[in-house]
There are 2 protein chains.
Amino acid sequence: MAHQDQTISRATDKRLPAYLRLRDDLAARVARGDWAPDVALPSENQLTAETGLSVGTVRKAMQMLVDEGLLERRQGSGTFLRKRAFDATLFRFFAMGTDSKTIPQSRLVARAVTSAPPRVAAVLGTGDCIRIERLRSQSDTVLLAEEIWLPRVRFDGIETMPEANIGPLLYPLYLDRFNVFIASAVDDVSFAPAPAAIAARLGIPADAPAAVIERTAFTADGTAVEWRVAHGPSDRFRYRSRLG
Amino acid sequence: MAHQDQTISRATDKRLPAYLRLRDDLAARVARGDWAPDVALPSENQLTAETGLSVGTVRKAMQMLVDEGLLERRQGSGTFLRKRAFDATLFRFFAMGTDSKTIPQSRLVARAVTSAPPRVAAVLGTGDCIRIERLRSQSDTVLLAEEIWLPRVRFDGIETMPEANIGPLLYPLYLDRFNVFIASAVDDVSFAPAPAAIAARLGIPADAPAAVIERTAFTADGTAVEWRVAHGPSDRFRYRSRLG
DNA sequence: CACAAAAAGTTCTATATAGAACTAGTTGAC
DNA sequence: GTCAACTAGTTCTATATAGAACTTTTTGTG
């Protein structure tokens, strides 16, 4: 029961420091669903007992997961999964319109194994990819047309999953089904006339002004594991970013 | 010589933990230019001697600044400024064009004590404000027309400072002259036709498409101390944001 | 039963210490 | 002069400990 170290056998176990191995173990157990939300994770004392490490080392590992947005610690009560991790950070992407309460609808319009264009392949480190096309709308208005590229080595099978199993948010799915945790991302916002194909999807005239958001998403170790580009009609677009 | 605590007198000194106060002090000294790039900051030992704190506490403060991207530590050799810190955080605002190496030129075109419009007054908590208009250009092309609002209670006198004393970057000035440290900000990017007055400054036709960036900047304790809106020609605009 | 007080359990701050890992410069042997 | 060995200085990992701060549960009192 106690030691999980053996049962997990992380790939990253080349005599890394103890706090990193513990962090990886905890992250893996979180991703595997060992703890439900609103149930406390083992306390510092329990973990020191389980692992044989000291409090400082355990705290260091847990603090990393807090910094990465996976956990949340509440003084006096315990350590928990961070429920709003995804809405708050990765999903603020779309504070479009005025109400950011309702989650946009999401519809997949294409999924296929394809070879990625050079630019995408360079970012992801491979051309062997899966391409997903998705439309996002709110109250029956299309707000965004997305094109998403994923490396097949990590996401094989996502192209045939039943659409019903794919929620409006992809990052939780990545974690649940493919054990990929998106820790950070870089967004690039610019404006350009909409290409005809995209304009049609958005229901705007060809060459009408459109906002373009390019995103590269990374795991905790800095590997790029997703690239996407989204187009939206510029008059309804709003991008919010919290700095510092 | 030793203790800097007195000489700086941070606004955020409501008996915060020691490591946070040290972090703030170090951040302020970095922003003030106390250390040149490629010169090591005081070592852990020196700082423990200066501050009377323990190594662990000093390390905690420095680690925060590393996480925030301000510092860089090299085992065996020392702690240094991270060269691209300013571009990357406060100044990444304008990764316009392709080269982010050259700092844009900056020209003040108006400064006055005025009463702020309701919306701005609500954010800043007062209508008694200073309004600054600024044009930013790169290689003789105007990229951005800014309008900046500051509460007079904190920034009194900035409207009459000689322009020669005002560099291209305002946040270091805020810190140097007014002891205001910008700790975070929220940017809001959208897209709208340029009003005639602004279009004229940008050298584009009236009602031509323009990018609009609204920023609210905060001190460490969460008080809004600056509000600005910037317009730029949409075809040259690019906004980069690092999430997570 | 209601409510206050106490207790137990949790995270958080801070100190002190030891040695490992790494870097850069100095010394010494040849 | 060259190069290896040494040394001093730095950050990094890890442990052990103490009490503060906060939350939740239990206990005791009326």
Side-chain angles (χ1 to χ4, degrees), chain A residues 3 5 10 12-26 30 35-83 220-221, chain B residues 2-3 5 10 12-26 30 35-83 220:
Chain A
H3 285 260
D5 307 25
R10 306 280 306 143
T12 65
D13 195 339
K14 314 182 178 221
R15 291 307 98 191
L16 285 173
Y19 76 93
L20 281 181
R21 273 179 287 152
L22 176 56
R23 174 205 158 277
D24 283 354
D25 280 351
L26 289 175
V30 165
W35 300 290
D38 297 328
V39 172
L41 270 65
S43 73
E44 294 177 356
N45 279 339
Q46 286 174 286
L47 281 175
T48 57
E50 282 183 17
T51 60
L53 300 171
S54 74
V55 196
T57 307
V58 167
R59 278 187 64 80
K60 198 167 177 178
M62 299 188 95
Q63 188 56 47
M64 287 193 74
L65 294 173
V66 171
D67 292 341
E68 289 168 19
L70 206 59
L71 299 183
E72 180 180 37
R73 314 198 77 190
R74 292 201 280 272
Q75 182 174 6
S77 88
T79 305
F80 305 84
L81 298 191
R82 210 180 122 191
K83 194 160 51 65
D221 62 2
Chain B
H3 286 260
D5 307 24
R10 309 276 309 139
T12 67
D13 196 337
K14 316 182 179 223
R15 292 306 97 191
L16 285 173
Y19 76 93
L20 281 182
R21 274 180 285 152
L22 177 56
R23 175 206 157 276
D24 283 354
D25 280 350
L26 290 175
V30 165
W35 300 291
D38 297 330
V39 171
L41 269 64
S43 73
E44 294 177 357
N45 280 339
Q46 287 174 285
L47 282 176
T48 57
E50 283 182 18
T51 60
L53 300 171
S54 75
V55 196
T57 307
V58 168
R59 278 187 63 79
K60 199 167 177 180
M62 300 188 94
Q63 188 54 48
M64 288 191 75
L65 294 173
V66 171
D67 291 340
E68 291 167 18
L70 208 59
L71 298 183
E72 182 180 37
R73 314 197 78 192
R74 292 202 280 273
Q75 183 174 5
S77 89
T79 305
F80 304 84
L81 296 193
R82 223 186 103 188
K83 199 159 50 63

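Convention: sequence-line order gives letters A, B, ...; per-chain numbering from 1. Heavy-atom basis, side chains included; hydrogens, waters and symmetry copies ignored.
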Engineer: If you look at every strand shown and take non-hydrogen atoms under 4.0 Å, does A:Arg74 touch a base, only sugar-phosphate, or nothing?
Structural biologist: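 Contact class for A:Arg74: sugar-phosphate only.
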Engineer: Checking A:Arg59 now: which residues fulfil side chain to side chain donor-acceptor pair (under 3.5 Å) with it, not counting sequence neighbours?
Structural biologist: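 In terms of side chain to side chain donor-acceptor pair (under 3.5 Å), with neighbours along the sequence ignored, A:Arg59 is linked to A:Glu44.
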Engineer: If every non-hydrogen atom of A:Asn45 is compared with every non-hydrogen atom of A:Thr48, which pair is closest and at what distance?
Structural biologist: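 Closest approach of A:Asn45 to A:Thr48: O-OG1, 2.6 Å.
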Engineer: Look at all strands and tell whether A:Ala40 reaches a base, only sugar-phosphate, or nothing, counting heavy atoms closer than 4.0 Å.
Structural biologist: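 Answer is nothing: A:Ala40 stays at 4.0 Å or more from every strand.
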Engineer: How would you give the extent of chain B contacts on DNA chain C, as first and last nucleotide 5' to 3' within a 4.0 Å heavy-atom cut-off?
Structural biologist: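 Nucleotide range with atoms under 4.0 Å of chain B: C:dT13 to C:dT23.
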Engineer: Between B:Ser43 and D:dG9, does any side-chain N or O lie under 4.0 Å from OP1 or OP2?
Structural biologist: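 B:Ser43 to D:dG9 OP1/OP2: no side-chain N or O under 4.0 Å.
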Engineer: Does B:Arg23 use its side chain to pair, donor to acceptor, with the backbone of B:Leu65 at less than 3.5 Å?
Structural biologist: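 The answer is no, because no donor-acceptor pair under 3.5 Å joins these two groups.
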Engineer: Could you pick out which residue, A:Tyr19 or B:Gly78, lies toward the 5' side of DNA chain D when each is mapped onto its nearest nucleotide?
Structural biologist: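 Upstream on the strand: B:Gly78.
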Engineer: Could you tell me how far apart B:Glu72 (CD) and D:dT10 (P) are, to the nearest whole angstrom?
Structural biologist: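 Nearest whole value for this atom pair: 18 Å.
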Engineer: Using side chain to side chain donor-acceptor pair (under 3.5 Å) as the criterion, list what pairs up with B:Ser77, not counting sequence neighbours.
Structural biologist: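 By the side chain to side chain donor-acceptor pair (under 3.5 Å) rule, B:Ser77 matches no residue at all.
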Engineer: Could you give me the CA-CA distance, side-chain angles and deciding distance for B:Arg73 and B:Gln75, then say whether side-chain contact (heavy atoms from CB on, under 4.5 Å) is met?
Structural biologist: CA-CA 6 Å; B:Arg73 314 197 78 192; B:Gln75 183 174 5; over 6 Å; no
Engineer: Of A:Val55 and A:Gly76, whose nearest nucleotide on DNA chain C comes first from the 5' end?
Structural biologist: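 Looking at DNA chain C, the more 5' nearest nucleotide goes with A:Gly76.
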